[in-house]
Q: 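Just dropping this structure here.
By convention in this document, chain letters (A, B, ...) are assigned in the order of the sequence lines, proteins followed by strands, and residues within each chain are numbered from 1.
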2 protein chains.
Amino acid sequence: MTSFTEENYLKIIYKLSAETDNEISTNAVAELTQTKAASVTDMLRKLSEKQLVSYQKYQGVRLTEKGEKVALMVIRKHRLWEVFLVNKLGFNWDEVHEIAEELEHINSDELVQRLDEFLGFPQCDPHGDPIPNRHGLMPELGYKNLSEITVNQQVVMMGVAQHSTNFLQYLAKIGLNLGAKIKIIEINDFDKSLTIKIGVKKECFLSNEVAKNVLVKAIKMD
Amino acid sequence: MTSFTEENYLKIIYKLSAETDNEISTNAVAELTQTKAASVTDMLRKLSEKQLVSYQKYQGVRLTEKGEKVALMVIRKHRLWEVFLVNKLGFNWDEVHEIAEELEHINSDELVQRLDEFLGFPQCDPHGDPIPNRHGLMPELGYKNLSEITVNQQVVMMGVAQHSTNFLQYLAKIGLNLGAKIKIIEINDFDKSLTIKIGVKKECFLSNEVAKNVLVKAIKMD
DNA sequence: ATATATTTTTAGATTAGTCTAAAATTTACT
DNA sequence: AGTAAATTTTAGACTAATCTAAAAATATAT
């Protein structure tokens, strides 16, 4: 059995691992868990004894297959609950993260399966993040960052790569909502900032920083 | 803020208080929390410092108004989640208690309100227990024990006063389901056991012990 | 009413998760 | 390669919740 706290460490190590092939540093984990490096060291030793991570002092940490499975199940629960909160209870997508952080630790395979079914087996959560299936398989959605799209291409907004309330509210303010049709009007060579058209109405300016965090899907031209 | 553990103690003290006007004993609490009396003593001192209970050593414990409010909110959440699990996810009523024990500690007033609304503001949970409203008011449903009903009266099964899986499965086996129409055919003077008719089909025999734990509502004769 | 039994509390220890401060190790820079 | 800087680990302590064993208080019974 894994505790609430252990699950949080595993989830965070998983997320850090997605960005690199190297071992994850103690400090990186400490930053995301909001604890001190000393506490992380203790926990890594414990997770290592439980075979959930492979860890050698001073050399960083990596999830074992077993640890990755646990992390994926926590992420699965988190994202399914987010879908529930938004689609069924009518929460806004920038309000659900905290609550899902609690719900993700509820222990019942049966519950997760039935919830998944109740929600219609969604492929992604309200932020566009893919939801691992019951076997821990993460669906490949093939979304791109808006910053990778070329001029004149038409795309649909599918999600975000950053979940801060700040960022989500900024998107809401400029009218960049999930499902919005976006056309790239111009790319500024100097700073890679964009002028885009949202739907039929607005033209609007986006920094590259923002564009990198917007996930889009190309519209099939037929 | 109250911890998971504190909330469980408050809930249990609340339940014990429903059966008596006297102070609740340390041992009674220990039995239901599945801990030792020594642990209960420690916790009671702590809850007392937080003004959630009034407690004097050797004299038992009682909830304060503040403590009762917390207990009622936990019970509210527990019962709402049970309704969700049964009505929305299709769980059987004897499968939901354990899961609701976890869900009841999720902290978000907004979540509870929206869940309540999503479920259509139910008055009672799948076992017929009343659900406190957002102000902590427990609706008076006026259900009676089947053991209090007189011969020839018609009643409808509304819930149970005992939640053990054993008991619930026994009811299922004899066909005594929520909403079943019951008519008392005969009451045995000696041991207060009953012969009843369930719906149109079955006649069946019930011990007084079982009858005391079946909640019913009289059918209005018009 | 006094001894006995029961209940409750205290004292001291344990576990999980955290902390600070100091020591050890690794990395980075001339 | 040698030293300074940064990172990581160790050592020792704290809190919440629990335990066991012993002491204290209350209840019971002749």
Side-chain angles (χ1 to χ4, degrees), chain A residues 1-13 16-17 19-63 67 70-71 74 101-102 104-107, chain B residues 1-13 16-17 19-63 67 70-71 74 101-102 104-107:
Chain A
M1 207 62 266
T2 44
S3 72
F4 187 106
T5 312
E6 289 166 345
E7 287 184 357
N8 274 336
Y9 275 89
L10 293 173
K11 185 181 63 173
I12 276 163
I13 297 166
L16 289 167
S17 302
E19 290 157 26
T20 172
D21 282 337
N22 300 325
E23 273 78 15
I24 305 306
S25 76
T26 301
N27 261 356
V29 176
E31 197 177 334
L32 291 199
T33 50
Q34 315 242 58
T35 61
K36 302 292 156 148
S39 311
V40 174
T41 299
D42 284 349
M43 182 55 84
L44 294 185
R45 192 151 1 82
K46 189 178 160 200
L47 291 172
S48 181
E49 271 160 29
K50 287 190 166 195
Q51 324 256 7
L52 292 163
V53 302
S54 60
Y55 163 68
Q56 316 222 151
K57 337 188 210 181
Y58 295 106
Q59 304 307 304
V61 68
R62 202 182 269 284
L63 292 180
V70 174
V74 174
E101 287 287 300
E102 296 193 48
E104 73 189 6
H105 302 290
I106 302 292
N107 268 319
Chain B
M1 206 63 266
T2 43
S3 71
F4 186 106
T5 313
E6 290 166 347
E7 287 184 356
N8 274 336
Y9 274 89
L10 294 173
K11 187 181 61 172
I12 277 163
I13 297 167
L16 289 167
S17 301
E19 291 157 26
T20 172
D21 282 338
N22 300 325
E23 274 79 15
I24 305 306
S25 76
T26 302
N27 262 355
V29 176
E31 198 177 334
L32 291 199
T33 50
Q34 315 242 58
T35 62
K36 302 292 155 149
S39 311
V40 174
T41 299
D42 283 349
M43 181 55 85
L44 294 185
R45 190 149 4 79
K46 190 178 159 199
L47 292 172
S48 181
E49 270 160 30
K50 286 190 164 193
Q51 323 256 5
L52 293 163
V53 302
S54 60
Y55 163 67
Q56 317 223 148
K57 338 187 207 181
Y58 296 105
Q59 304 306 304
V61 68
R62 203 181 268 286
L63 291 181
V70 175
V74 175
E101 286 287 300
E102 295 193 48
E104 74 188 6
H105 302 290
I106 302 292
N107 267 320

Q: Check whether any side-chain heavy atom of Ile13(A) sits under 4.5 Å from a side-chain heavy atom of Leu44(A), and report yes or no.
A: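 Side chain of Ile13(A) against side chain of Leu44(A), heavy atoms only: contact under 4.5 Å found.
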Q: So which atom in Asn22(B) and which in Arg62(B) form the shortest heavy-atom distance, rounded to 0.1 Å?
A: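 Scanning both residues completely, I find the closest heavy atoms to be C-NH2, 3.9 Å.
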Q: Nearest heavy-atom pair of Glu104(B) and Glu7(B): which atoms, and what distance?
A: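 Glu104(B) and Glu7(B) have their closest heavy atoms at O-OE1, 4.3 Å.
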Q: Counting only heavy atoms not in Gln56(A), do more than 12 fall under 6.0 Å of its CD?
A: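 No - once you tally the heavy atoms of other residues, nucleotides and ligands closer than 6.0 Å, there are 12 at most.
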Q: What nucleotide among dT10(D), dT9(C), dA24(C) has an atom nearest to a side-chain atom of Lys57(A)?
A: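 Of the options given, the side chain of Lys57(A) lies nearest dT10(D).
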Q: Round to a whole Å and report the spacing from OH of Tyr58(A) to P of dA6(D).
A: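 Whole-Å distance recorded here is 17 Å.
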Q: Just checking Phe4(B): base, sugar-phosphate only, or nothing, at a heavy-atom cut-off of under 4.0 Å?
A: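 No contact.
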Q: Given dT10(D), dT8(C), dT26(C), identify the nucleotide with an atom nearest to the side chain of Thr41(A).
A: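 Closest of the options to the side chain of Thr41(A): dT10(D).
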Q: Determine all donor-acceptor pairs shorter than 3.5 Å in which one atom belongs to a side chain in residues 29-37 of chain A; sequence neighbours excluded.
A:
{"unit_1": "Thr33(A)", "atom_1": "OG1", "unit_2": "Val29(A)", "atom_2": "O", "d": "2.9"}
{"unit_1": "Thr33(A)", "atom_1": "OG1", "unit_2": "Ala30(A)", "atom_2": "O", "d": "3.3"}
{"unit_1": "Thr33(A)", "atom_1": "OG1", "unit_2": "Thr35(A)", "atom_2": "OG1", "d": "2.9"}

Q: Please confirm whether the shortest side-chain N or O distance from Tyr55(B) to OP1 or OP2 of dT9(C) is below 4.0 Å.
A: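 Yes, Tyr55(B) has a side-chain N/O under 4.0 Å of OP1/OP2 on dT9(C).
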Q: Rounded to whole Å, how long is the line connecting atom CZ of Arg45(B) with atom P of dA16(D)?
A: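 Taking CZ of Arg45(B) and P of dA16(D), I get 13 Å after rounding.
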Q: CG of Asp42(A) versus P of dT8(D): gap in Å, rounded?
A: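 After rounding, the gap between these two atoms is 15 Å.
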Q: Nearest whole Å is fine: how far is dT26(D) P from Gln56(B) CD?
A: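 Spelled out: CD on Gln56(B) to P on dT26(D) is 11 Å.
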Q: What is the distance from CD of Glu23(A) to C1' of dT27(C), rounded to the nearest Å?
A: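 Interatomic distance, CD of Glu23(A) to C1' of dT27(C): 16 Å.
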Q: Could you list by number each residue of residues 24-40 of chain A showing a heavy-atom separation from DNA chain D of less than 4.0 Å, or answer none if no residue does?
A: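 When residues 24-40 of chain A is checked for heavy atoms under 4.0 Å from DNA chain D, the hits, listed by number, are Ser25(A), Thr26(A), Asn27(A), Ala37(A), Ala38(A).
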Q: Would you indicate what Tyr9(B) reaches in the nucleic acid, counting non-hydrogen atoms under 4.0 angstrom: base, sugar-phosphate, or nothing?
A: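 Answer is sugar-phosphate: Tyr9(B) comes under 4.0 Å of backbone atoms only.
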Q: Gln59(B) has an atom CD; how far is it from atom P of dA27(D), in whole Å?
A: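 Computing the Gln59(B):CD to dA27(D):P distance gives 7 Å.
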Q: Output the rounded distance in Å from CG (Leu44(A)) to P (dT7(D)).
A: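 Rounding to the nearest Å, CG of Leu44(A) and P of dT7(D) are 16 Å apart.
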Q: May I ask you to decide if Arg45(A)'s main-chain N or O and Lys57(A)'s side chain share a donor-acceptor pair within less than 3.5 Å?
A: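 Checked: no pair found.
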Q: Return the value, rounded to whole Å, for the distance between atom CE of Met43(B) and atom P of dT15(D).
A: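 To the nearest whole Å, that distance equals 16 Å.
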Q: Calculate, to the nearest 0.5 Å, the distance between atoms OG1 and CG belonging to Thr5(B) and Leu47(B) respectively.
A: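 Answer rounded to 0.5 Å: 10.0 Å.
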